[in-house]
Protein chains: 2
Amino acid sequence: MDTNPHQSDSLHQSEIFIGLTREQNAALLKEGRSITFQPKSILFHQGDPAKHCYLVNQGRLKLTKLNEQGREVIIGYIGAGELTAVTALFKNRNYLVTAESLEETEVIGWDKPKMIHLIHQYPDIAINLLGIVLERIDDMQHRYLEVCTEYVDQRIARSLLRLMRRAGSKTRDGILIDIALSRQNIADYSGTTLYTVSRTLSAWEKNGWIKSGREQIVITNPHALVQFAETG
Amino acid sequence: MDTNPHQSDSLHQSEIFIGLTREQNAALLKEGRSITFQPKSILFHQGDPAKHCYLVNQGRLKLTKLNEQGREVIIGYIGAGELTAVTALFKNRNYLVTAESLEETEVIGWDKPKMIHLIHQYPDIAINLLGIVLERIDDMQHRYLEVCTEYVDQRIARSLLRLMRRAGSKTRDGILIDIALSRQNIADYSGTTLYTVSRTLSAWEKNGWIKSGREQIVITNPHALVQFAETG
DNA sequence: GCCTGTCTTTGCGCTGGCGCAAACAAGATG
DNA sequence: CATCTTGTTTGCGCCAGCGCAAAGACAGGC
């Protein structure tokens with residue numbers, strides 16, 4: 001599937017459209033190209049020449065990064081209304097991360113010349129992009145600080161809380177993180193190992209702070225987790 | 001000192017001016033406000049309401065970030081032609097880091113309304129800002145990956161190499177890092193402790209890779225350091 | 001309903017790196 | 001030149017967290 005996107009879905013909620021008129025909005029969408037990916041597809045690999053920037057319209061992406069030895073970390077999970085690979089639009093570079101769809105995922109892609117042209121017409125787009133990119137810096141700086149200064153289990157708590165805020169849905173038991181998350185995934189997102197994650201979650205389950213299953217986390221006591229994340 | 005900046009110095013070298021005409025360039029400078037700080041002055045504190053974005057014209061700034069317990073990391077060092085606190089222009093937020101001058105430092109500051117106005121006139125400014133900010137994301141993502149996956153001494157090697165590229169000056173013995181750097185500073189920049197840095201540097205000095213003194217590092221064998229950083 | 005593959009748990013031993021303490025070095029000050 | 005302050009080195013003990021290994025749990029396919 002590979003069509004022209006039209007004004008629909010949850011698109012208008014994205015930060016990239018803030019302050020744009022209906023016409024500007026439509027022009028932006030018209031220049032983009034809608035693509036739908038099956039679950040577990042790779043949108044792009046870290047190191048490939050960066051051609052397109054993507055807005056997620058529906059579904060969810062996992063962004064990962066490898067070092068020279070092949071060790072992996074998860075940079076983030078992004079969902080509807082969020083952008084990735086903005087680098088492709090402004091630098092002649094390779095993708096900095098690998099993007100993989102978790103579910104069936106629809107994205108809108110723009111290439112560099114089109115977006116540069118659009119920005120010259122509607123500078124508000126650039127301002128919105130700056131807002132989005134600055135948000136990511138904030139996130140990365142925080143997580144960098146945390147991994148440098150805090151204990152592993154604090155960081156695991158912070159990871160769960162972050163994922164809860166992005167993808168939490170209320171259930172009878174507590175707040176379910178609506179992403180299939182293995183212990184390994186949580187480890188890669190927290191800068192630790194699956195063993196340590198498993199031990200830590202077991203302890204929290206005994207405390208009654210969470211309920212966990214196979215690739216599933218329900219947070220039953222967010223307040224306790226916040227407290228723990230901040231004080232250790 | 002607090003005057004109107006004029007076209008001089010090394011200003012034109014900054015990424016923010018790329019592709020601007022002489023007039024646009026002048027307009028941008030005209031809206032900014034030049035301020036000179038004595039060594040070891042605080043430009044702004046993390047947590048203060050973010051009012052101004054700064055371009056360093058001369059001198060050098062240290063950017064640091066604290067966590068809830070007061071543990072500190074160094075986010076980076078920036079010199080002439082580089083920007084900080086771009087957040088101030090696009091988010092109604094507080095400063096994410098603390099900025100301190102190392103030497104006597106001249107900066108140009110812009111506030112939000114002026115810069116937004118300028119961008120609407122000259123969208124290329126926004127494109128340049130995006131390039132700058134994306135560069136920082138790249139840096140933070142790399143360092144995040146490194147602190148999650150690599151050994152301390154690899155990270156110390158990478159820190160020295162980064163600082164060498166930013167502030168290295170060739171001398172008879174090797175490449176001198178032209179910043180007063182204590183072991184503590186290197187530790188805060190690498191996510192470790194001053195003791196570990198000291199031990200590691202001692203070992204490298206024995207290997208003949210570096211020569212170090214009080215708050216001073218000369219890299220005598222950069223290639224060996226690169227090799228070590230990548231393979232451990 | 002059984003089998004297979006993936007995910008999770010937990011015991012156990014090990015080690016990378018932390019951090020105290022104490023001695024030493026190098027500028028700064030007067 | 002003597003003193004003071006601030007930075008550096010290194011020995012030593014310790015522990016947070018890693019990672020193997022082996023067993024257990026769960027889900028999906030046929």
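Keep in mind the model is a prediction, meaning the values are calculated, not measured. Labels below follow one simple rule: chain letters A, B, ... track the order of the sequence lines, proteins then strands, and each chain is numbered from 1.
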Can you list everything that forms a side-chain contact (heavy atoms from CB on, under 4.5 Å) with [X]? Sequence neighbours excluded, please.
| X | value |
| --- | --- |
| A/Ala88 | A/Ala50, A/Tyr95 |
| A/Gln46 | A/Lys65, A/Leu66, A/Thr98 |
| B/Tyr195 | B/Thr193, B/Arg199 |
| B/Ser159 | B/Tyr189, B/Ser190 |

For [range], pull every pair meeting salt bridge (Lys or Arg N to Asp or Glu O under 4.0 Å), keeping only residues two or more places apart or in separate chains.
| range | value |
| --- | --- |
| residues 70-88 of chain B | B/Glu82-B/Arg166 |
| residues 38-58 of chain B | none |
| residues 175-184 of chain A | none |

- Query: How long is the span from the CG atom in A/Leu176 to the NZ atom in A/Lys211, to the nearest 0.5 Å?
  - Reply: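 Output value for this atom pair is 11.5 Å.
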- Message: Which residues pass the side chain to side chain donor-acceptor pair (under 3.5 Å) test with A/Thr192, not counting sequence neighbours?
- Response: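 By the side chain to side chain donor-acceptor pair (under 3.5 Å) rule, A/Thr192 matches no residue at all.
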- Query: Do the side chains of A/Leu55 and A/Trp110 get nearer than 4.5 Å, heavy atoms only?
  - Reply: yes
- Item | B/Thr193 vs C/dC18: side-chain N/O to OP1/OP2 distance below 4.0 Å |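 Yes, within the criterion.
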- Item | Interface with DNA chain D, restricted to residues 140-163 of chain A and to heavy atoms under 4.0 Å | A/Tyr151, A/Val152
- Item | Strand-adjacent residues in residues 61-76 of chain B, judged by heavy atoms under 4.0 Å from DNA chain D |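 When residues 61-76 of chain B is checked for heavy atoms under 4.0 Å from DNA chain D, there are no hits whatsoever.
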- Note on the structure: With B for base contact, S for sugar-phosphate-only contact and - for none (protein heavy atoms under 4.0 Å), nucleotides 6-13 of chain C reads BSSBBBB-
- B/Phe44 vs B/Tyr54 aromatic rings, parallel, tilted or perpendicular, using cut-offs 30° and 60°?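 Correct class here is parallel.
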- Message: Between A/Glu106 and A/Ser34, do the side chains contain a donor N or O and an acceptor N or O under 3.5 Å apart?
- Response: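 Result is yes, a qualifying pair exists.
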- Query: Quantified as the angle between the terminal helix axes (five pairs each), what is the overall bend of the helix from C/dG1-D/dC30 to C/dG30-D/dC1 to 10 degrees?
  - Reply: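 Inter-axis angle at the ends, rounded: 40°.
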